[in-house]
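From a predicted model like this one, the values you see are computed outputs, not experimental measurements.
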Amino acid sequence: PGDQEAGELGLAAVPGRQAAFRQGLEAAVHYARAVGCPRIHVMAGRVPLGTERAAVAGEMETTFIENLRYTADLLSQEDMIGLLEPINNRITDPHYYLNTPHQAAAILEKVGRPNLKLQLDLFHCQIMDGNLSRNLETYFPLIGHIQIAQVPGRHEPDSPGELNFPYIFELLESLGYTGYVGCEYAPKGDTLEGLGWLRSYWESRGLQHGGTSKAAK
């Protein structure tokens, strides 16, 4: 993430911070290797304070692409995947550089490395663009990880909000998604009690806790 006390949130697209980015990436690879995690979120970072996004957009994209190619080469040696996550700039972070799946997909195309993927957080995606079904279908070949939270409160999927998660989960299954779904939400109360939505979803699909089939028992 860079120097968070100085207001940084990632370094990959921040001009002049390439050396610090590489140091951070190497540390992340070290930790990922130790815990057996094959995916690393490569955080783009914020538009530098005091500058206009439009004035630095070109330089930031150039920096991002160069750093991502370096990342892809390093991660290929470890059999790891680098992930790019768009973060909405309407609610969560107005200064974050990477905001939409469309922007991330365009950058991934320019980088052209198969071990870089899209980390699609449906909370951010809904706030920036909506159209989740079509976006999931469009960007599915690029997706390396999914994260969820209800909109707008960023709580459990079954809390009041805009998104129909049983439908979204079934859509992901129909598309053939076999990866993890990260629960990046703030529980409204107790964490374990808050996972009741998952138990209810399993039961609605004829599954037991842990996602195993009752029929298989």
Side-chain angles (χ1 to χ4, degrees), residues 10 12 25 28-29 31-44 68 71-72 74-88 98-109 111-151 154 156-158 163-187 191 194-195 197-213 216:
L25 177 64
V29 169
Y31 288 125
R33 187 192 304 125
V35 299
C37 179
R39 292 172 178 82
I40 293 177
H41 175 198
V42 185
M43 302 187 76
L68 288 173
T71 298
L74 180 63
L75 296 187
S76 67
Q77 301 171 26
E78 305 285 344
D79 198 25
M80 293 179 182
I81 299 291
L83 299 170
L84 279 62
E85 180 188 12
I87 295 176
N88 81 82
L98 189 67
N99 303 136
T100 67
H102 178 75
Q103 181 190 8
I107 288 171
L108 285 171
E109 183 177 1
V111 175
R113 301 297 176 87
N115 64 333
L116 297 178
K117 298 285 186 180
L118 176 63
Q119 179 171 311
L120 194 65
D121 188 318
L122 301 187
F123 174 82
H124 298 304
C125 189
Q126 170 70 2
I127 290 169
M128 291 302 294
D129 194 42
N131 199 25
L132 286 185
S133 296
R134 183 60 58 84
N135 279 332
L136 281 169
E137 293 167 355
T138 299
Y139 298 115
F140 186 76
L142 299 177
I143 293 174
H145 187 59
I146 294 282
Q147 292 177 172
I148 60 170
Q150 186 58 275
V151 179
R154 208 168 188 178
E156 288 89 346
D158 64 345
L163 301 183
N164 178 354
F165 277 100
Y167 166 79
I168 290 171
F169 294 150
E170 291 187 25
L171 175 60
L172 285 171
E173 290 179 11
S174 71
L175 291 171
Y177 184 68
T178 58
Y180 287 101
V181 174
C183 299
E184 187 149 305
Y185 59 76
T191 299
L195 287 170
W197 67 268
L198 182 56
R199 290 187 287 272
S200 297
Y201 178 72
W202 281 337
E203 290 169 359
S204 74
R205 303 300 306 278
L207 304 174
Q208 293 185 333
H209 299 173
T212 57
S213 171

Any Cys125 side-chain heavy atom under 4.5 Å of Asn135 side chain = yes
Would you list the pairs meeting salt bridge (charged side-chain N to carboxylate O under 4.0 Å, His left out) in which at least one residue belongs to residues 163-177, sequence neighbours left out?
-> Glu173-Arg205
Taken to the nearest 0.5 Å, the spacing of Phe165 CZ from Tyr201 OH works out to 12.0 Å
Checking side chain to side chain contact (heavy atoms under 4.5 Å, CB included) for the pair Gln147/Tyr185: CA distance, chi angles, key distance, verdict?
-> CA-CA 9 Å; Gln147 292 177 172; Tyr185 59 76; over 6 Å; no
In sequence, state the C-alpha distance, the side-chain angles, and the governing distance for Arg134 and Asp129, and then conclude on salt bridge (charged side-chain N to carboxylate O under 4.0 Å, His left out).
-> CA-CA 11 Å; Arg134 183 60 58 84; Asp129 194 42; over 6 Å; no
Which distance, rounded to the nearest 0.5 Å, do you find between the CG of Leu198 and the CG of Asp158?
-> 10.0 Å
Supply the atom-to-atom distance Asn115 CG to Leu83 CG, rounded to the nearest 0.5 angstrom.
-> 10.0 Å
Please say which of Gln150, Met128, Arg154 ends up in a side chain to side chain contact (heavy atoms under 4.5 Å, CB included) with Phe123.
-> Arg154
Nearest 0.5 Å, what's the CG-CG distance between Leu120 and Leu132?
-> 8.0 Å
In short, Pro166 meets Asn164 closest at the heavy-atom pair CD-OD1, 3.3 Å
Rounded to the nearest 0.5 Å, how far apart are CG of Leu142 and CD of Glu109?
-> 9.0 Å
Heavy-atom side-chain proximity of Pro187 to Leu195 below 4.5 angstrom = no
I would like to know whether Leu136 and Ile146 meet side chain to side chain contact (heavy atoms under 4.5 Å, CB included); could you show each step before the answer?
-> CA-CA 10 Å; Leu136 281 169; Ile146 294 282; 4.1 Å; yes
Exercise: identify the closest heavy-atom pair between Pro101 and Pro86 | N-CG, 3.8 Å
Is the backbone N or O of Asn88 less than 3.5 Å from a side-chain atom of Asn99, with the two atoms forming a donor-acceptor pair by type?
-> no
Distance (rounded to the nearest 0.5 Å) between Phe140 CZ and Leu171 CG | 9.0 Å
Using atom types as modelled, flag every donor-acceptor pair under 3.5 Å from a side chain in residues 33-42 to any protein atom, sequence neighbours excluded.
residue	atom	partner	partner atom	Å
Arg33	NE	Glu78	OE1	3.2
Arg33	NH2	Glu78	OE2	2.9
Arg39	NE	Gly144	O	3.2

Can you check side chain to side chain contact (heavy atoms under 4.5 Å, CB included) on Glu85 and Leu98, steps first, answer last?
-> CA-CA 7 Å; Glu85 180 188 12; Leu98 189 67; 5.8 Å; no
Please test Val29 against Leu75 for side chain to side chain contact (heavy atoms under 4.5 Å, CB included), starting from the C-alpha separation and ending with a verdict.
-> CA-CA 8 Å; Val29 169; Leu75 296 187; 3.6 Å; yes
Close side-chain approach of Val111 and Thr71, heavy atoms under 4.5 Å | no
Trp197 side chain near Cys183 side chain, heavy-atom distance below 4.5 Å | yes
Atom of Lys117, atom of Ile143 and distance for their closest heavy-atom approach | CB-C, 4.3 Å
